[in-house]
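Notes to accompany the following structure.
All heavy atoms count here, side chains included; hydrogens, waters and symmetry mates do not. Letters A, B, ... mirror the listed sequences (proteins, then strands); counts begin at 1.
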Number of protein chains: 2
Amino acid sequence: MPKETAKNRILRVASDLFYREGIRAIGIDRIILESGVAKSSFYRNFASKDDLVAAYLEYHQDLNAKDLDEVQRQHPNSNAMQLHALIDKFVEKMKTPGYRGCPFANTTVEFPDSSHDNHIKAVKGTDENWNRIAILAEKAGAARPLELAELLRMLCNGAIMLSYMKKHDFNPDLFSATAHTLVDSHLFSWTVSRKDD
Amino acid sequence: MPKETAKNRILRVASDLFYREGIRAIGIDRIILESGVAKSSFYRNFASKDDLVAAYLEYHQDLNAKDLDEVQRQHPNSNAMQLHALIDKFVEKMKTPGYRGCPFANTTVEFPDSSHDNHIKAVKGTDENWNRIAILAEKAGAARPLELAELLRMLCNGAIMLSYMKKHDFNPDLFSATAHTLVDSHLFSWTVSRKDD
DNA sequence: AAAAAATGGTACAGATCTGTACCGTTAATG
DNA sequence: CATTAACGGTACAGATCTGTACCATTTTTT
């Protein structure tokens with residue numbers, strides 16, 4: 001089997017470092033050291049550090065898209081269950097030891113200038129993700145899908161921030177219960193009986 | 001009237017710059033330039049940049065405490081109304097042009113190392129604030145005050161992040177309505193009739 | 001095996017940032 | 001008015017960070 005390319009190794013190591021320790025805090029030298037790659041190899045594969053950051057954001061965008069794909073595969077006949085599964089998946093992520101919040105939100109905070117490429121790309125990343133969820137909410141039969149999606153987004157972002165700041169002192173159970181209830185209430189509020197979708 | 005001290009001018013200018021453009025993005029030279037102070041004067045008043053960051057965090061902690069004091073003065077006879085007024089005050093803040101999220105949350109993202117002084121102080125800042133709100137919820141007669149406070153905290157943090165990332169595309173009305181309803185539901189869920197406190 | 005592509009190693013330029021040293025000047029205070 | 005405290009100006013040390021230049025080596029492909 002072919003050896004992992006230098007580009008892949010760099011992106012893998014950098015993604016981990018960027019996420020865990022922050023983009024601005026991690027220098028090129030650190031990435032080179034931990035990925036065991038020559039500096040010249042780095043700049044052959046990435047035009048600049050910002051270029052690597054862009055790849056890092058695209059990588060997480062792919063991860064999010066795959067999560068959505070997965071819940072759609074697991075529950076092909078119920079958009080409602082897809083929403084609930086998405087919440088569960090999200091809670092599981094928050095429980096993992098190395099969890100450090102949303103990479104897109106963190107990036108926008110590390111690059112406050114809203115005209116900066118990294119900032120723009122990060123905003124676009126979450127938007128695409130939540131747009132898909134809004135479509136899911138619509139397909140699931142929510143009376144006001146955009147409203148449900150926005151409330152879910154608020155709740156999730158808040159839970160992310162809380163779990164990030166409070167670490168193990170944060171219990172995601174309350175978030176989980178509230179999010180599930182929120183979905184149900186929006187799906188059932190406009191009709192008394194449920195129709196399987 | 002006495003001229004503003006150099007220390008005050010530095011803190012005032014730095015707080016604005018740190019908040020608007022980020023702590024790591026702002027160098028000492030920029031602070032010196034915009035506050036019209038000599039570099040030597042800076043280091044006479046602050047031992048280091050981190051020392052200034054600590055003062056910046058304390059400054060925002062004071063602002064939060066004053067907001068709480070104010071709503072308690074405005075509604076001395078109803079803890080419930082204090083909670084609602086706090087939400088309104090928060091919404092107003094989000095609507096102001098230069099709003100750039102929670103300085104404490106942003107600081108923890110800019111300094112991901114949880115053992116870093118800035119990170120620790122920022123976490124402590126929000127905790128103190130929300131502890132006071134939890135006490136308010138208890139005094140207002142919430143059945144589960146800690147739960148109400150945590151849900152409010154999640155919603156607020158989420159709304160902060162959304163308004164930060166979406167800027168003017170974010171309409172805080174949905175947040176406002178949801179937060180007010182949340183407070184009411186937690187205050188009235190355990191009893192049918194309201195008793196003025 | 002020969003050619004081509006990818007990688008390694010390293011020195012260094014150039015910019016930036018924090019913090020110090022040193023001295024002169026202004027403002028408050030007795 | 002004299003003393004003391006606060007401030008201004010600036011040069012510079014030391015560290016760090018991004019990015020380039022140059023050449024040797026290894027791996028892959030033909």
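- Atom CG of B:Asp51 is separated from atom P of C:dG19 by 10 Å (rounded to the nearest Å).
- Looking only at side-chain heavy atoms (C-beta outward), B:Met161 and A:Arg153 stay at 4.5 Å or farther from each other.
- Both tests pass for A:Lys167 against the ring of A:Tyr164: distance under 6.0 Å to the centre and angle within 45° of the axis.
- In this model, the phosphate group of C:dG8 is approached by a side-chain N or O of A:Arg9 to a distance below 4.0 Å at OP1 or OP2.
- The OH-C1' distance, from B:Tyr43 to C:dC22, rounds to 17 Å in whole Å.
- Taking the six-membered ring where tryptophan is involved, the planes of B:His180 and B:His84 are essentially parallel, since the angle between them stays under 30° and well short of 60°.
- Atom pair B:Lys7:NZ and D:dC7:P shows a separation of 10 Å (rounding to whole Å applied).
- Each of A:Val37 and B:Arg44 was matched to the nucleotide of DNA chain C holding its nearest heavy atom; the match closer to the 5' end belongs to A:Val37.
- Considering only the side chain of A:Asp29, D:dT18 comes nearest among D:dT18, C:dT18, D:dG8.
- Atom CZ of A:Phe42 and atom P of D:dG19 are 8 Å apart (whole Å).
- Checking B:Thr5 against A:Ser48, the closest nucleotide of DNA chain D that is more toward the 5' end is the one next to B:Thr5.
- Regarding A:Ile28, its CD1 atom lies at a distance of 16 Å from the P atom of D:dT16, rounded to whole Å.
- Considering only the side chain of A:Ala6, C:dT7 comes nearest among C:dT7, D:dG8, D:dC7.
- Look at NZ on A:Lys39: it is 17 Å from P on D:dC22, rounded to the nearest Å.
- Classification of the A:Phe46-A:Phe42 ring pair by plane angle, with boundaries at 30° and 60°, yields tilted.
- Checking C:dT10, D:dT18, D:dG8 against the side-chain heavy atoms of A:Ser40 singles out C:dT10 as nearest.
- Between B:Ile31 atom CD1 and C:dG19 atom P the separation is 11 Å, expressed in whole Å.
- Considering only side-chain N and O atoms, B:Ser41 lies under 4.0 angstrom from the phosphate OP1 or OP2 of D:dG8.
- Regarding A:Leu33, its CG atom lies at a distance of 13 Å from the P atom of C:dG8, rounded to whole Å.
- Taking the ring centre of B:Phe111 as origin, the terminal cationic atom of B:Arg24 falls inside the region bounded by 6.0 Å and 45° from the ring axis.
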